[in-house]
There are 2 protein chains.
Amino acid sequence: MIDHEGPTPLYVQVADAIAARIDAGELPPNRPIPSENQLVQEYGVARGTARKAIQLLRERGLVITVVGRGTYVAATNDGPTATR
Amino acid sequence: MIDHEGPTPLYVQVADAIAARIDAGELPPNRPIPSENQLVQEYGVARGTARKAIQLLRERGLVITVVGRGTYVAATNDGPTATR
DNA sequence: GTGCATTTGTGCGTATGTATA
DNA sequence: ATATACATACGCACAAATGCA
């Protein structure tokens, strides 16, 4: 899943992996993506790497982060106003 | 009690210290261990360090965490005198 | 019911040290 | 030298679940 030896930076790989899960519908709009700690567990990377990956997704407009709650899949027409 | 300068990570030292207290019967099964904030006070570490120590104990199966309530000593056998 | 206090969950930012490419 | 990556550690703020008055 994640190639620790390849030329592509880990945080890019993690970001792409999450993007793929979003694209596949596994992570639907307005739903939270795994927390930083969960990403650390799932992908076997350091927290800094997970954070960089999320930051990348944020810059791509794929996710929205809410402090104290988590990071959510961006809705095409709506904000992060779900998850109850 | 906790060596802030030694080679052993603080969260490991804290986890071991709590495990010892469990083993000594000071923290009996089904009873709560000190809260994260209390551990911060008692051991003079950051909350993140206390959380990591608890996470370690959770992975060892020594404790169980309940959101909004606290972390409890696991009830599964393994008391100080639980020969069964 | 409503509000408060407690406790855990999550994220932000930063820092040091080590190691590799 | 710079970028990447891991591990550890600190402090802070906000959010959510729980329990109690």
Side-chain angles (χ1 to χ4, degrees), chain A residues 1-18 21-22 27 30-74 79-84, chain B residues 1-19 21-22 27 30-75:
Chain A
M1 207 172 197
I2 299 295
D3 181 15
H4 287 250
E5 315 302 327
T8 308
L10 285 185
Y11 69 91
V12 175
Q13 293 186 49
V14 172
D16 288 343
I18 298 172
R21 290 166 71 178
I22 293 175
L27 300 173
N30 292 322
R31 305 295 298 185
I33 71 171
S35 71
E36 290 181 357
N37 284 333
Q38 283 176 320
L39 293 177
V40 167
Q41 299 291 322
E42 293 179 16
Y43 293 104
V45 297
R47 183 189 164 215
T49 305
R51 292 193 52 188
K52 267 188 182 175
I54 294 175
Q55 180 187 340
L56 210 63
L57 296 174
R58 213 158 37 219
E59 288 168 1
R60 292 182 190 170
L62 285 181
V63 299
I64 294 176
T65 297
V66 184
V67 182
R69 286 184 68 190
T71 298
Y72 296 76
V73 178
T81 348
T83 315
R84 163 52 78 250
Chain B
M1 204 172 192
I2 299 295
D3 181 15
H4 285 249
E5 312 303 327
T8 307
L10 287 184
Y11 71 92
V12 174
Q13 294 185 49
V14 173
D16 288 343
I18 298 172
R21 291 166 70 178
I22 293 176
L27 300 174
N30 292 322
R31 305 296 296 183
I33 70 171
S35 71
E36 292 177 357
N37 283 333
Q38 281 176 321
L39 293 177
V40 167
Q41 298 294 321
E42 292 179 16
Y43 294 103
V45 297
R47 192 187 161 206
T49 304
R51 284 181 57 81
K52 221 171 177 186
I54 294 175
Q55 179 189 339
L56 211 63
L57 297 174
R58 214 158 36 217
E59 289 168 359
R60 292 181 189 169
L62 286 181
V63 299
I64 294 175
T65 297
V66 184
V67 183
R69 289 186 62 192
T71 298
Y72 295 77
V73 178

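Just so it is clear, the structure is predicted and the values come from calculations on it, not from any experiment. All chains are named by letter (A, B, ...) in the order of the sequence lines, taking the proteins before the strands, and each is independently numbered beginning at 1.
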For residues 33-41 of chain A, which side-chain donor-acceptor pairs fall under 3.5 Å, sequence neighbours excluded?
from: A:S35; atom 1: OG; to: A:Q38; atom 2: N; distance (Å): 3.2
from: A:E36; atom 1: OE1; to: A:R47; atom 2: NE; distance (Å): 3.2
from: A:Q38; atom 1: OE1; to: A:S35; atom 2: N; distance (Å): 2.9

Exercise. Sequence neighbours left out, what passes salt bridge (Lys or Arg N to Asp or Glu O under 4.0 Å) with A:R60? Give chain and number order.
Key: A:D16
Give the rounded distance in Å between these two atoms: [atom1] of [X] and [atom2] of [N].
X	N	atom1	atom2	answer
B:L39	C:dT6	CG	P	16 Å
B:Y43	D:dA9	OH	C1'	18 Å
A:Q55	D:dT4	CD	C1'	14 Å
A:Y72	C:dG9	OH	P	15 Å

Quiz item: Which part of the nucleic acid, if any, lies within contact of A:G6, taking any heavy atom under 4.0 Å across all strands shown: a base, the sugar-phosphate backbone alone, or nothing?
Solution: nothing
Quiz prompt | D:dA9 phosphate, OP1 or OP2, under 4.0 Å from B:K52 side-chain N/O | solution =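 Checking B:K52 against D:dA9: no side-chain N or O falls below 4.0 Å of OP1 or OP2.
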Quiz item: Side-chain N or O of B:Y11 less than 4.0 angstrom from OP1 or OP2 on D:dA9?
Solution: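 Answer is no, no contact under 4.0 Å.
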Practice problem: Sequence neighbours left out, what pairs pass side chain to side chain donor-acceptor pair (under 3.5 Å) with at least one residue falling in residues 1-13 of chain B? | Solution: none
Exercise. Searching all strands shown, indicate the nucleotide that pairs with C:dG1 (Watson-Crick or G-U wobble; both distances under 3.5 Å).
Key: none
Exercise. Check side chain to side chain donor-acceptor pair (under 3.5 Å) between A:T71 and all other residues, then give those that pass, not counting sequence neighbours.
Key: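 Per chain and number, A:T71 pairs via side chain to side chain donor-acceptor pair (under 3.5 Å) with A:T65.
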Practice problem: With sequence neighbours excluded, tell me which residues meet side chain to side chain donor-acceptor pair (under 3.5 Å) with A:R21. | Solution: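 So A:R21 forms a side chain to side chain donor-acceptor pair (under 3.5 Å) with A:E26, A:E42, A:Y43.
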Quiz prompt | Contact pattern, 5' to 3', of nucleotides 10-21 of chain C - B, S or - by protein heavy atom under 4.0 Å | solution = BSBBB-------
Practice problem: Using a 4.5 Å cut-off on heavy atoms from C-beta on, say whether the side chain of B:V14 contacts that of B:I2. | Solution: yes
Practice problem: For A:P9 and for B:A50, find the nucleotide of DNA chain D with the closest heavy atom, then tell me which residue's nucleotide is more 5'. | Solution: A:P9
